[in-house]
Amino acid sequence: MDFKFIIYERSDQIATITLNRPEALNAFSKEVIEEVLQAIEDIKQDENVRAVILTGSGEKAFSAGADIKAMKGMNALKARELSLMGEKLCCSLESLEKPVIAALNGYALGGGLEVAMSCDLRIASETSRMGQTEINIGLIPGWGGTQRLTRLVGPGKAKEMVFTGKLVDAKTAEQLGIVNMVVPADKLRETARQLALELVAKAPVAIKVAKALINKGAEISLDAALALEREGFGVVASTEDLQEGVAAFTEKRKPVFKGR
Ligand code: DAK
């Protein structure tokens, strides 16, 4: 696959997508989004990939958001197209049946934070900063930020961040629940890789079902969510991987899960 704006790598059952437009702080142009979507399609088809890392190149930014320069003179049709593409990108990451880790190597602003929040887990470098800064250019978050940020931090903090456009540092983001952990910048890639390796060793069907249940459960009643969990439990309990897990426990060895 030939990419211009991302670097796409696969090794040890981990796919890594690196946004690679450092001169524009990895801003999401139409082309960047198209390439990430293409990589996600490949990841969906590749049974050998069990975990995904999304990060940015350079030391300054994961992504400074949607490409502001491309918005100049944008008409309604183009704005609609951009909105649909961003939505598709975020939903593709969220619904991907494999765990996705965002490794935030600097600014995650506007659409950059929205994309990061569509991933399952977020690791931030100590130097990273996050914000829904759209208000500063007269916009609101348009790729799910008003909703996903609210689900992570609650309405009070979400309103503060969306109304003021102020940035929070990595430690504050961790306290608020926006990121799972903060690490020194030079340890970010390795920490993301180690976490991905940990996930790769787990039972893929169990992770896939747990991800779907946690995502769906946030939108429906507890009763309905518990019913879904029962069904999901049934599916996971019928896998060969459960038998392998039980056998490995009994035989005091590490399980080898096959995703079946
Ligand atoms: N888009 C395009 N280029 C960007 C960019 C962006 N979002 N952010 C930075 N750049 C470019 C800069 O223009 C500069 O390029 P040159 O001028 O040198 O060619 C280069 O990256 C380096 O940036 P700076 O020189 O500004 O670097 P500083 O260290 O001084 O400042 C900064 C870093 C991150 C504080 C600053 O660059 C900044 O404030 N950037 C904008 C961040 C921002 O507000 N992001 C939110 C974008 S709005 C929609 C749905 C959703 C959205 C839009 C529409 N529809 C439904 C239609 C989403 C919107 C957003 O994400």
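Just follow the structure's listing: the first ligand is 1, and inside any ligand the first atom is 1.
- For atom 1 (N) of ligand 1, the closest heavy atom belonging to the protein is I68 N, 2.9 Å.
- Where the criterion is an N or O separation shorter than 3.5 Å, residue side chain and backbone included, A64 meets it with respect to ligand 1.
- When all heavy atoms of V49 and K98 are compared, the pair lying nearest together is O-NZ, 2.9 Å.
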* Asked: When you look at E87 and R80, which way does the salt bridge (Lys or Arg N to Asp or Glu O under 4.0 Å) test go after all the steps?
  -> CA-CA 10 Å; E87 242 180 79; R80 185 173 179 279; over 6 Å; no

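- Residue P22 comes nearest to N20 through the heavy atom pair CD-C, 3.3 Å, listed as atom of the first residue, atom of the second, then distance.
- Annotation: the span from L113 atom CG to T133 atom OG1 amounts to 9.0 Å, rounded to 0.5 Å.
- Note that atom 25 (O) of ligand 1 has no protein non-hydrogen atoms nearby, at separations under 4.0 angstrom.
- For the residue pair Q194/E190, the side-chain donor-acceptor check at 3.5 Å is satisfied.
- Residue, atom and distance of the protein heavy atom nearest to atom 2 (C) of ligand 1 are D67 OD1, 3.3 Å.
- Contact atoms of ligand 1 toward G110: 46 (C), 61 (O) (distance under 4.0 Å to a heavy atom of the residue).
- No N or O atom of L109 sits closer than 3.5 Å to an N or O atom of ligand 1.
- Looking at D169 and T172, their side chains do bring a donor and an acceptor atom within 3.5 Å of each other.
- The contact set between ligand 1 and E134, taken as ligand atoms under 4.0 Å from a residue heavy atom, comprises 48 (S), 59 (C), 60 (C).
- In terms of polar-atom proximity, T133 is counted as a contact of ligand 1, with an N or O under 3.5 Å from an N or O of the ligand.
- When distances from atom 29 (O) of ligand 1 to the protein are checked, a heavy atom turns up under 4.0 Å.
- Closest non-hydrogen pair, A108 versus F62, comes out as CB-CD2, 4.1 Å.
- The shortest contact between atom 9 (C) of ligand 1 and any protein heavy atom is with L25 CD1, 3.8 Å.
- Ranking protein heavy atoms by distance to atom 52 (C) of ligand 1, first place goes to A66 CB, 3.9 Å.
- Looking only at heavy atoms of the protein, atom 54 (C) of ligand 1 is closest to L82 CD2, 3.7 Å.
- Numbered from 1 in the order shown, with element, the atoms of ligand 1 that lie under 4.0 Å from a heavy atom of I137 read 48 (S).
- Among protein heavy atoms, atom 51 (C) of ligand 1 sits closest to W143 NE1, 3.4 Å.
- Nearest residue to atom 56 (C) of ligand 1 from G144, S83, G65 is S83 (criterion: closest heavy atom).
- With hydrophobic clusters built from ILVMFWY side chains whose heavy atoms lie under 4.5 angstrom apart, I43 does not share a cluster with V200.
- Salt-bridge formation is detected for the pair R10/D42: a Lys NZ or Arg NE/NH1/NH2 atom is positioned less than 4.0 Å from an Asp or Glu carboxylate oxygen.
- Note on ligand 1: R80 sits outside its first shell, no heavy atom being nearer than 4.0 Å.
- Nearest heavy atom pair, residue S125 against residue N105, reads OG-C, 3.9 Å.
- Within a 6.0 Å radius of CD in E126, other residues, nucleotides and ligands contribute more than 12 heavy atoms.
- Where the criterion is an N or O separation shorter than 3.5 Å, residue side chain and backbone included, K69 meets it with respect to ligand 1.
- With ligand atoms numbered from 1 in the order given, ligand 1 contributes 60 (C), 61 (O) to contacts under 4.0 Å with heavy atoms of G111.
- How far CG of D120 is from CG of N215: 6.5 Å, rounded to the nearest 0.5 Å.
- Distance from atom 57 (C) of ligand 1 to its nearest protein heavy atom, with residue and atom name: A79 O, 3.2 Å.
- Note: an N/O pair closer than 3.5 Å links K60 and ligand 1 by distance alone.
- Taking every non-hydrogen atom of M71 and a distance limit under 4.0 Å, the qualifying atoms of ligand 1 come out as 53 (C), 59 (C).
- Counting protein heavy atoms under 4.0 angstrom from atom 38 (C) of ligand 1 gives zero.
- Taking each heavy atom of N26 and A61 in turn, the nearest pair found is ND2-O, 2.9 Å.
- No more than 12 heavy-atom neighbours from other residues, nucleotides or ligands sit within 6.0 angstrom of NZ on K88.
- Considering backbone and side-chain N/O of L139, none are found under 3.5 Å from N/O of ligand 1.
- Protein heavy atoms are found less than 4.0 angstrom from atom 19 (O) of ligand 1.
- Tested against M117 for a side chain to side chain contact (heavy atoms under 4.5 Å, CB included), the candidates R148, E94, Q147, M130 yield a single pass: R148.
- Within the 4.0 angstrom cut-off, atom 60 (C) of ligand 1 has one or more protein heavy-atom neighbours.
- At least one heavy atom of E23 sits less than 4.0 Å from an atom of ligand 1.
- Contact record, R122 with I178: NE-O, 2.6 Å, taken as the closest heavy-atom pair.
- Given atom 4 (C) of ligand 1, the protein heavy atom at minimum distance is A24 O, 3.8 Å.
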